[in-house]
Amino acid sequence: MKVRRVPAWLVVACVLVSWVLTPGPVVSAQETLSYSCSAQVYEAFEKERLELFAKESNIKVDLFIASSSSAVNRLMYGVSEIASTARGLYYPLVESGYVETPFCRDPLAVIVNSQCPVENLSEDQLTQIFAGMIKNWKEVGGPDKEIVVVVPAKNTAAWENFEKQAMKRKDITYDYQSYKSTGVIELVKRLPLAISFVAHGAVVNEEGVKIVKVGGLPCTDKSYPFYQEFSFVTKGKPSGSVKAFVDHAFSEKSKEIIKEKGMIPLSRPQ
């Protein structure tokens, strides 16, 4: 009986075909979480926390930074799975099933350029400066120079919180306005006669700006009059990767970040 030899090229071709068609190991895609973050929350907290969370959880965070109102709006329209905000959630949203989880209390700092010699302002002086009633630094112990008032946009949490807590029903007048709340930091750095306000955690380690005492009280004093609460907002109670993200903000490592920035970590609501 003759054995018919198979050509070598055919053997090689068969091996190649079987190699191509053999299924390889299944690689699971990394889980991704879409997150709309308040600009103040990002600079004060998430800038340092997000990388730590991704490393420990193996969950990739698809981040979008915006004002608090825009961040919550993106959650409402389904663009994000979770949002963070520096102001309280409006009651109609609570009634609609949105859940607010506060995790941090942050002083609302009054900042000036580092060249400004003024170290302290009374609450009345502060109100009058932002109302346009005090216009020269010499009226509050500074140089004979006009005060340059810088503010964040009106739709930011920083504006709303400062207006409620500091302005005593007076309108805010200003020279320059930043689109993002944290944009005021760069403006104050560049303008030697400027004054503004922003989350303390966002500016505590910044060069070129100085935090002013209010009524003789530093931001870190328990009696300091102006503050904000940072919260997560979700549609219903957090679950899955969203819950893991929220839980991580209450971890000891996250609390360390909060404390290092001069902020106060909050206990998780029951």
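Residue numbers run from 1 in the order of the sequence given. No hydrogens, no waters, no symmetry mates; every other heavy atom, side chains included, goes into these values.
Taking the six-membered ring for Trp, Tyr98 and Tyr90 have ring centres at least 6.0 Å apart. Between Phe103 and Phe232, a ring centre-to-centre spacing shorter than 6.0 Å is recorded. Taking the six-membered ring for Trp and the full ring otherwise, Phe130 and Phe197 have centroids separated by under 6.0 Å.
In this structure a side-chain-to-backbone donor-acceptor pair under 3.5 Å is missing from Glu48 to Phe45. At distances below 3.5 Å, not a single donor-acceptor pair connects side-chain atoms of Ser178 with backbone N or O atoms of Ser181. Listed for the Thr85 side chain is no donor-acceptor partner under 3.5 Å among the backbone atoms of Ser231. Under a 3.5 Å cut-off, the side chain of Asn113 and the backbone N or O of Val188 do form a donor-acceptor pair. Side chain of Asp221 to backbone of Leu217: no donor-acceptor contact under 3.5 angstrom is found.
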Evaluate the side chain to side chain contact (heavy atoms under 4.5 Å, CB included) criterion for residues Met133 and Lys170: first the C-alpha distance (whole Å), next the side-chain angles of each, then the deciding distance (0.1 Å), finally the verdict.
CA-CA 10 Å; Met133 300 166 68; Lys170 292 183 175 65; 3.8 Å; yes

Run the side chain to side chain contact (heavy atoms under 4.5 Å, CB included) check on Glu81 and Ser241 step by step: do they pass?
CA-CA 9 Å; Glu81 298 168 82; Ser241 60; 4.3 Å; yes

Audit row: Val110, Ile211, side chain to side chain contact (heavy atoms under 4.5 Å, CB included) steps and yes/no:
CA-CA 6 Å; Val110 177; Ile211 300 173; over 6 Å; no

Does the pair Met76 and Leu93 meet the rule for a side chain to side chain contact (heavy atoms under 4.5 Å, CB included), with working shown?
CA-CA 9 Å; Met76 292 170 59; Leu93 290 179; 3.8 Å; yes

Verdict with reasoning, Lys168 to Asp124, per salt bridge (Lys or Arg N to Asp or Glu O under 4.0 Å):
CA-CA 9 Å; Lys168 301 172 183 177; Asp124 284 341; 3.0 Å; yes

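When side chains are defined from C-beta on, Val151 counts as touching Ile172, because their heavy atoms get closer than 4.5 Å. Side-chain contact between Ser69 and Arg87 is present, with heavy atoms from C-beta onward closer than 4.5 Å. Residues Pro225 and Val214 have side chains in contact (heavy-atom distance under 4.5 Å, counting atoms from C-beta outward). Looking only at side-chain heavy atoms (C-beta outward), Ser38 and Ser67 stay at 4.5 Å or farther from each other. Contact check for Leu193 versus Trp137: side-chain heavy atoms found under the 4.5 Å cut-off. The side-chain heavy atoms of Ser84 and Cys37, taken from C-beta on, include a pair separated by under 4.5 Å. Within the 4.5 Å cutoff, no side-chain heavy atoms of Val118 are placed close to those of Val112. Within the 4.5 Å cutoff, the side chain of Ile111 has no heavy atoms near those of the Ile195 side chain.
With hydrophobic clusters built from ILVMFWY side chains whose heavy atoms lie under 4.5 angstrom apart, Tyr35 does not share a cluster with Phe64. Placement of Leu52 and Leu33 in two distinct hydrophobic clusters is found when ILVMFWY residues are connected by side-chain heavy-atom separations under 4.5 Å, directly or transitively. Linking Ile, Leu, Val, Met, Phe, Trp and Tyr whenever their side-chain heavy atoms come within less than 4.5 Å leaves Val79 and Leu63 in two separate clusters. Two different hydrophobic clusters hold Ile257 and Ile264 under the rule that ILVMFWY side chains link at heavy-atom gaps under 4.5 Å. Hydrophobic clustering (side-chain heavy atoms under 4.5 Å, transitive across Ile, Leu, Val, Met, Phe, Trp, Tyr) keeps Val72 apart from Ile82.
Ion pairing of Asp106 with Lys261 is absent here, as no side-chain N (NZ or NE/NH1/NH2) approaches a carboxylate O to less than 4.0 Å. Look at Glu56 and Lys253 and you find a salt bridge, because one of the NZ, NE, NH1 or NH2 atoms lies within 4.0 Å of a carboxylate O, short of that distance. A salt bridge links Glu119 with Lys210; the closest basic N to acidic carboxylate O contact falls under 4.0 Å. A salt bridge is absent between Lys259 and Glu256; no separation between the charged side-chain nitrogens and carboxylate oxygens falls under 4.0 Å. Between Glu207 and Lys189 there is no salt bridge, since none of the side-chain N atoms of the basic residue sits less than 4.0 Å from a carboxylate O of the acidic one.
Closest approach of Val198 to Thr182, counting heavy atoms only: CG2-CA, 4.2 Å. For Val246 against Thr101, the heavy-atom pair with the smallest separation is CG1-CG2, 4.1 Å. Ile129 and Val149 get closest at one heavy-atom pair: O-CG2, 3.9 Å. Scanning all heavy atoms of the two residues, the minimum distance from Ala71 to Ala66 falls at N-CB, 4.2 Å. Annotation for Tyr179 and Thr156: closest pair O-CG2, 4.1 Å, computed over non-hydrogen atoms. A pairwise comparison of heavy atoms in Pro218 and Tyr224 identifies O-CD1, 3.5 Å as the closest pair.
Here the CD-OG distance, from Gln40 to Ser68, works out to 6.5 Å after rounding to the nearest 0.5 Å. Here the OG1 atom belonging to Thr234 is positioned 11.5 Å from the NZ atom belonging to Lys243, to the nearest 0.5 angstrom. Between Lys135 atom NZ and Asp175 atom CG the span is 9.5 Å, to the nearest 0.5 Å. Between atom CZ of residue Phe53 and atom OG of residue Ser251 there is a gap of 10.0 Å, rounded to the nearest 0.5 Å. Taken to the nearest 0.5 Å, the CG atom of Leu121 stands 10.0 Å off from the OG1 atom of Thr127. The NZ atom of Lys47 sits 5.5 Å away from atom OH of Tyr42, with the distance rounded to the nearest 0.5 Å.
Both the sub-6.0 Å distance and the 45° axial angle are not jointly satisfied by Arg105 relative to the ring of Phe230. Both tests pass for Arg49 against the ring of Phe245: distance under 6.0 Å to the centre and angle within 45° of the axis.
When the shell of 6.0 Å around NZ of Lys255 is examined, it contains more than 12 heavy atoms from other residues, nucleotides or ligands. Within 6.0 Å of atom CD in Glu146, 12 or fewer heavy atoms from other residues, nucleotides or ligands are found, so the atom counts as exposed in its surroundings. Surrounding CZ of Phe250 are more than 12 heavy atoms belonging to other residues, nucleotides or ligands, all under 6.0 Å away.
If you check the side chains of Tyr227 and Gln165, you find no donor sitting under 3.5 Å from an acceptor.
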